[in-house]
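Count residues from 1 along the sequence. Note that ligands are numbered from 1 as they come in the structure, with each ligand's atoms numbered from 1 the same way. These figures come from a predicted structure and were not determined experimentally.
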Amino acid sequence: MVAIVSPSERECERCGRRDVWDEDMNTWRISVEDGEKRSGNPHCLHEWDINGTFNPLAE
Ligand SMILES: [Zn+2]
């Protein structure tokens with residue numbers, strides 16, 4: 001049996017955008033904090049803090 005490990009949230013190191021993982025939809029959603037969307041800069045080439053370390057399959 002293989003356990004699938006995925007990050008539950010990610011944050012852009014450039015503009016501060018924050019996403020949370022939606023398990024039901026299998027997609028990232030923009031995080032909402034204090035009623036405000038953390039959508040960051042729409043023109044940003046997001047640099048996610050999980051880049052390079054995300055391994056979907058745990059050994
Ligand atoms: Zn960004």
Partner of Ser31 under side chain to side chain contact (heavy atoms under 4.5 Å, CB included), picked from Lys37, Glu36, Arg18, is Arg18
What are the two closest heavy atoms between Ile50 and Glu9, and how far apart are they?
-> CG2-O, 4.1 Å
Over all heavy atoms of both residues, which pair between Asp19 and Ile30 is shortest? Give the atoms and the distance, please.
-> OD1-CA, 3.5 Å
State, with a plain yes or no, whether a side-chain heavy atom of Arg14 is found less than 4.5 Å away from one of Leu45.
-> yes
Kindly write out the residues that satisfy salt bridge (charged side-chain N to carboxylate O under 4.0 Å, His left out) with Arg38, not counting sequence neighbours, or none if the list is empty.
-> Glu11, Glu33
Flag the pair Arg17 / Trp48 as yes when at least one side-chain heavy-atom distance between them is below 4.5 Å, and no otherwise.
-> yes
The protein N, O or S atoms lying under 2.8 Å from the Zn ion (ligand 1) are Cys12 SG, Cys15 SG, Cys44 SG, His46 ND1
